[in-house]
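When a ligand or atom number is given, it counts from 1 through the structure's own listing order.
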Amino acid sequence: MKHIVELVLTPAQAADVAYVRMQAMAEVGVAEADVRAVVQNRRSIDARARTPRIRLQCEVYVHEEPPVDVPITSTYRDADPSKRVIIVGAGPAGYFAALELIEHGITPIVLDRGKDVRTRRRDLRAIQQDGVVNEHSNYCFGEGGAGTYSDGKLYTRSHKRGSIAKVLRLLVEHGATRDILVDAHPHIGSNKLWLVVQEIRETIRRHGGEVHFDAYVTDFLLANDRIHGVVLDNGTEMTAQAVILATGHSARDIFRLCVRRGIDVETKPFALGVRIEHPQPLIDEIQYHQRPRDPLLPASSYSLVCQVADRGVFSFCMCPGGLIVPSATAPGEIVVNGMSMSRRDSPFANSGTVVAVDEDDWVDHRDHGVLAALEYQAQVERATFAANGDGSQRAPAQRLTDFLDRRVSTSLPATSYIPGHVSVDLHGILPVPVLKRLEAGIRQFGSSMRGYLTSEAVMVAVESRTSSPVRIPRDRTTYEHIRIRGLYPCGEGAGYAGGIVSAALDGQNVALRLSQTL
Ligand SMILES: Cc1cc2nc3c(=O)[nH]c(=O)nc-3n(C[C@H](O)[C@H](O)[C@H](O)COP(=O)(O)OP(=O)(O)OC[C@H]3O[C@@H](n4cnc5c(N)ncnc54)[C@H](O)[C@@H]3O)c2cc1C
C-alpha cells in the first residue's frame, strides 16, 4: 500500500536521506521491516518562518514495490521516411515537436539558422568579450534555442496545456538530474542544459530524423494557400507534407516574411523594462533572514507583482546566483536577459522587472500595421544601444535609488554583466509610460520587501524580449494556421508559449495534432 506523507524539516534534516526515511515511516506508523521504499516526490522551501524549512512530500510503500519507471525514449520507433515534416527552429518547441513526431513514426527535418550547441559557445564568447553580435548564433539563436544558455528554470503555470511530467521525464532521460522531478521550482543550469540538448539531437537522429544547422529559412514554398516547404538563404528548396514554424520571439525576419507572403499575423502585447541586480547575500538576508545563508539552502529568489495605472508591473525570470547576459540578435541593439549555472553560485541575484505594454504604447508605430509592437520593441533596443555611445554591448545602467531620484549614478556597483556598463539616466531611454509605472512599481516592491530599495542594486537596460510582440494565429483544435494549410505556428514566437517548458509542451501538442493528419 502507498501512503503519502508531508514532512517539514530543517535543511540539515532534509539533506539526510536516512533521517527522512525514518521520519516518513514514523509519520505513517509502520515498522521498517514492512516498508519497501520511501520515495521523495516533492520538495519546496518555506521561507515564511524566521528559519527556512524544507517541505518534503514522500511516498511510503508498505508491503508493495514502487512502480518501475519505464523510459519514454524506449517507445520511439524508427520514423517513416515517406512522412516528412519540416520543423523550423531547434528550440524547446522545435526539439520536443521532433521527439513527439518520432513517437508517431513521422520523420522530422529540423532546420536551425544557428550552430550546434557546442560551436555556438564561441559566438556567445564573442558577444561577451568583444561585443560582436552574430545574427544567426547568439543567446537566442542556435541549437536549443533561447532556452539553452539560460537559467534552465523549468517552472511553468501551463498545467492545462499538456503533461509537464512527460517534458521533465524526457529531460531526465536525456541527462538532466532527477531533482527536477522533485523540486517545486526545478532548474537545470546553463552548464548542464547544453549537454541535454545535444542528447535530444542524438535521439532525433538515431530514429531517422534530420537536424541541420546553418540552415537559415528565408522563404516559404506556398501555392493555393498551402505550404509545401521552405527555402534556405543559399537557395536550397526543401519540401515536406507540413511545416512547423517554431522560430521563437526574436525571429523578426520570419514575422516580416509572413507579412510579405500574406500569411496572417497579429500584434500581441508584451512587457518591457530592465534587469535589476542585487547582491545575492542581500536577497538571502531578506528572504531567509540569514547572512551568510545556510549552505544547504539554494540561493534565494523573489517574485514581485503589483498594478500601477491599470497595468501589471512584475519581476520576471528571476536568476538567483546568476548572470545578466547580452541577448541582442543583431548589431545595433542592446537587450539583456538572465541565466545561471546549475549551482547558482554567482554573488548576484537578477530578475527582469517589467511593465506590461499594449497598443497605446506603439501608437506612433501604427504605420507598421501588425508589426507595430515589434517595431516599437526594436526602437527601444536601438535607443538603448545608442545611449552607450561607443557601439559596444556595454549596457546603460543606473543605481536603483538614483533611478528613483532621477539622477545619473556617479559610480556603478560591480555587476555580473561581462560586457560592462555605462552610467546613464534610464529616463532618457525607456518610454515614459513604462518609466512612470516602473518607478511606482519599484517603490511598492520596496515597501513590501524591506531592503530591496538600496543603492547596492543596479538597473540594467533593456529587458524587452519577455514574450513575442506578434502572434501567428492558428486553429484552436487542429493547431494549423487559420488559413495556410500545412503550416503549424508553434512555441513562443507564434505567441503560444512563454518559457522552456510551455514551449516544449506546445511543440508536443502541435506535433500530436499534426501526426493525426498524416
Ligand atoms: C538568456 C535567456 C534566459 C532564459 N531563461 C529561461 C529560463 O530560465 N526558463 C524559461 O522557462 N525560459 C527562459 N528563457 C526563455 C526561453 O528560452 C524561451 O521561452 C524558449 O526558448 C522559447 O522556445 P521556442 O522553441 O519557442 O523558441 P526559441 O527557443 O527562441 O527557438 C527558436 C529557434 O528558431 C531558430 N530560428 C529563428 N529564425 C530562424 C530561421 N529563419 N531559420 C531557421 N531557424 C530559425 C533560432 O535559431 C532558435 O534556435 C530564457 C531566454 C533567454 C534568452
Does an N or O anywhere in [X] fall below 3.5 Å from an N or O of ligand 1?
X: G114; result: no
X: V217; result: yes
X: F141; result: no
X: G499; result: yes

Checklist entry - Does some non-hydrogen atom of G142 fall short of 4.0 Å from ligand 1? => result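 Distance cut 4.0 Å: G142 passes for ligand 1.
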Which atoms of ligand 1 have any heavy atom of [X] under 4.0 Å away?
X: G145; answer: 29 (O), 31 (O), 48 (C), 49 (O)
X: L111; answer: 43 (C), 44 (N)
X: G491; answer: 26 (O)
X: G248; answer: 27 (O), 28 (P), 30 (O), 32 (C)
X: A246; answer: 32 (C), 33 (C), 34 (O)
X: A215; answer: 42 (N), 43 (C)
X: Y149; answer: 1 (C)
X: V325; answer: 1 (C)

I'd like to know if the side chain of [X] pairs up with that of [Y] as donor and acceptor (distance under 3.5 Å, no hydrogens or angles considered).
X: S300; Y: D284; result: yes
X: N191; Y: S342; result: yes
X: T148; Y: E143; result: no
X: E210; Y: H212; result: yes
X: H136; Y: R113; result: yes
X: N134; Y: S137; result: no

Next on the checklist: Is atom 14 (N) of ligand 1 near the protein, in the sense that some protein heavy atom lies at less than 4.0 Å from it?
Outcome noted: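 Protein heavy atoms within 4.0 Å of atom 14 (N) of ligand 1 - there are none.
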Does [X] have its ring centroid less than 6.0 Å away from the ring centroid of [Y]?
X: F348; Y: H278; result: no
X: Y76; Y: H207; result: yes
X: H481; Y: Y488; result: no

[atom]: the protein heavy-atom neighbour that sits closest, reported with distance to 0.1 Å:
atom: atom 21 (O) of ligand 1; answer: G147 N, 3.2 Å
atom: atom 11 (O) of ligand 1; answer: I500 N, 2.7 Å
atom: atom 51 (C) of ligand 1; answer: A146 O, 3.5 Å
atom: atom 9 (N) of ligand 1; answer: K153 O, 3.0 Å
atom: atom 4 (C) of ligand 1; answer: S150 CB, 3.1 Å
atom: atom 53 (C) of ligand 1; answer: N337 ND2, 3.5 Å
atom: atom 25 (O) of ligand 1; answer: A93 N, 2.8 Å
atom: atom 26 (O) of ligand 1; answer: E492 N, 2.8 Å

Ionic contact status for [Y] with [X], cut-off 4.0 Å:
X: E173; Y: K166; value: no
X: E381; Y: R252; value: yes
X: E463; Y: R275; value: yes

Item to check | Per atom 33 (C) of ligand 1, closest listed option by heavy atom (D233, V230, L245, D112) | outcome: D112
Checklist entry - Heavy atoms only: which of L193, T247, D214 is nearest to atom 32 (C) of ligand 1? => result T247
Is ligand 1 under 4.0 Å from a heavy atom in the side chain of [X], in the backbone, in both, or in neither?
X: D253; answer: neither
X: I254; answer: side chain
X: A503; answer: side chain
X: V88; answer: side chain
X: A251; answer: side chain
X: R113; answer: both

Checklist entry - Is R513 positioned over the aromatic face of Y479, cation under 6.0 angstrom from the ring centre and no more than 45 degrees off axis? => result yes
Next on the checklist: Is it the case that the side chain of E375 and the backbone of H368 share a donor-acceptor pair, with hydrogens and angles ignored and the cut-off at 3.5 Å?
Outcome noted: no
Next on the checklist: So if I apply the side-chain contact (heavy atoms from CB on, under 4.5 Å) rule between I334 and each of V462, N388, V380, which one comes out positive?
Outcome noted: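 Per the side-chain contact (heavy atoms from CB on, under 4.5 Å) rule, the option paired with I334 is N388, out of V462, N388, V380.
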Item to check | Closest heavy-atom pair and its distance - T203, I102 | outcome: O-CD1, 4.3 Å
Item to check | Reported CH2-to-CD1 distance for the pair W194 and I188, which is rounded to 0.5 angstrom | outcome: 14.0 Å
